[in-house]
Amino acid sequence: QVQLVESGGGLVQAGGSLRLSCAASGRTFSLLHMGWFRHTPGKEREFVATISRSGIITKYAESVKGRFTISRDNGKNTMYLQMNGLKPEDTAAYYCAANFAASDYVGPPTYDYWGQGTQVTVSS
């Protein structure tokens, strides 16, 4: 199984930046497609971004395009979400997700493994 641990959340003012990290266990990180989701109580879980096994292919929700950047370092078994220009509506618990993939990217990805989340709060 794959264990995922998010970190980097916190409280930030609107317009600020945060970088989230997702550390994965095991030696098979390069075989995983990865994604970020976010959830606010009372609302449905929302897709944020996804990244292919190699990191070459990335996809973003329209609401975060141009502000967030997803990346990965397969040598460190870590995925990142750089969040710039944060808005109050970005406030949510952010979750790292992963699943094994047979090729670099076949969309839409599905995810079998999830982290526990890290809270991002953006003040107005």
Side-chain angles (χ1 to χ4, degrees):
Q1 61 181 339
V2 176
Q3 294 191 64
L4 306 172
V5 180
E6 303 96 333
S7 62
L11 176 64
V12 65
Q13 292 184 334
S17 298
L18 286 172
R19 188 183 72 163
L20 306 184
S21 298
C22 172
S25 64
R27 295 174 57 85
T28 57
F29 186 73
S30 63
L31 300 180
L32 298 171
H33 60 70
M34 306 288 296
W36 287 99
F37 291 78
R38 63 189 183 187
H39 180 251
T40 300
K43 291 191 173 184
E44 189 175 344
R45 182 182 63 192
E46 179 185 15
F47 165 78
V48 176
T50 190
I51 189 166
S52 68
R53 299 192 320 182
S54 67
I56 293 174
I57 300 171
T58 58
K59 306 287 185 181
Y60 298 92
E62 185 66 28
S63 60
V64 306
K65 284 182 179 178
R67 299 189 297 119
F68 291 9
T69 302
I70 189 171
S71 62
R72 66 192 293 164
D73 186 337
N74 287 352
K76 296 182 178 180
N77 280 18
T78 303
M79 177 181 65
Y80 305 95
L81 185 69
Q82 179 67 45
M83 305 185 295
N84 299 325
L86 284 163
K87 304 175 180 179
E89 51 262 45
D90 296 319
T91 295
Y94 283 72
Y95 294 88
C96 172
N99 204 16
F100 288 103
S103 60
D104 191 55
Y105 180 84
V106 178
T110 59
Y111 301 95
D112 290 342
Y113 304 99
W114 295 82
Q116 295 300 304
T118 185
Q119 180 67 37
V120 172
T121 302
V122 184
S123 62
S124 60

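Applying the salt bridge (charged side-chain N to carboxylate O under 4.0 Å, His left out) definition to pairs two or more places apart or across chains, none involves residues 113-124. Screening residues 32-88 for disulfide bond (SG atoms under 2.5 Å apart), with sequence neighbours left out, gives no hits.
Every residue two or more places apart in sequence or in another chain that forms a side chain to side chain donor-acceptor pair (under 3.5 Å) with K65 is listed here: E62. Evaluation of the side chain to side chain donor-acceptor pair (under 3.5 Å) rule for D90 yields R38, R67 as partners, not counting sequence neighbours. When the side chain to side chain donor-acceptor pair (under 3.5 Å) test is applied to Y60, no partner is found at least two apart in sequence or on another chain. Applying the side chain to side chain donor-acceptor pair (under 3.5 Å) criterion to D104, with sequence neighbours excluded, gives S52, S54. In terms of the side chain to side chain contact (heavy atoms under 4.5 Å, CB included) criterion, residue partners of Q119 (sequence neighbours excluded) are, by chain and number, T91, A93, T121. With sequence neighbours left out, F47 forms a ring pair (Phe, Tyr, Trp, His ring centres under 6.0 Å) with F37.
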Note to self: Working note: Y111 + H33, criterion ring-ring contact (aromatic ring centres under 6.0 Å, His included); need CA distance, chi angles, decisive distance, verdict.
What the structure shows: CA-CA 8 Å; Y111 301 95; H33 60 70; 5.3 Å; yes
Note to self: Quick one, T50 with T58, criterion side-chain contact (heavy atoms from CB on, under 4.5 Å). Give me CA distance, side-chain angles, the key distance, then yes/no.
What the structure shows: CA-CA 6 Å; T50 190; T58 58; over 6 Å; no
Margin query: Show, in sequence, the C-alpha distance, side-chain angles and deciding distance for E46 and S63, and conclude whether the side-chain contact (heavy atoms from CB on, under 4.5 Å) test is met.
Written below: CA-CA 10 Å; E46 179 185 15; S63 60; 3.6 Å; yes
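Shortest non-hydrogen contact noted between A49 and L81 is CB-CD1, 4.5 Å.
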Using atom types as modelled, flag every donor-acceptor pair under 3.5 Å from a side chain in residues 1-10 to any protein atom, sequence neighbours excluded.
from	atom 1	to	atom 2	distance (Å)
E6	OE1	Q116	N	3.0
E6	OE1	G117	N	2.8
E6	OE2	C96	N	2.7
E6	OE2	G117	N	3.2

Anything under 3.5 Å between a donor and an acceptor, one on a side chain of residues 17-24, the other on a protein residue two or more places apart or in another chain? List them.
from	atom 1	to	atom 2	distance (Å)
S17	OG	N84	OD1	2.9

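F29 carries R72 over the face of its six-membered ring, with the cationic atom under 6.0 Å from the centre and within 45° of the normal.
Inspection of the Y80 and T69 side chains reveals no N or O donor paired with an N or O acceptor under 3.5 Å.
In this structure a side-chain-to-backbone donor-acceptor pair under 3.5 Å is missing from N99 to Y113.
In the hydrophobic clustering (ILVMFWY side chains linked at under 4.5 Å, chained through shared members), I57 is joined by I56, Y105. Under a 4.5 Å side-chain heavy-atom cut-off, the cluster of Ile, Leu, Val, Met, Phe, Trp and Tyr residues that includes L11 has no other member.
Put simply, L32 and Y95 are part of two different groups of oily side chains (I, L, V, M, F, W, Y) that touch within less than 4.5 Å, one to the next. Hydrophobic clustering of Ile, Leu, Val, Met, Phe, Trp and Tyr side chains at less than 4.5 Å, counting indirect connections, unites M79 with L31. Note on F100: it clusters hydrophobically with W36, by side-chain heavy-atom contacts below 4.5 Å among ILVMFWY residues.
To the nearest 0.5 Å, atom CD of residue Q13 and atom CG of residue L86 are 11.5 Å apart.
Put simply, the side chain of V120 reaches to within 4.5 Å of the side chain of M83, judged on heavy atoms.
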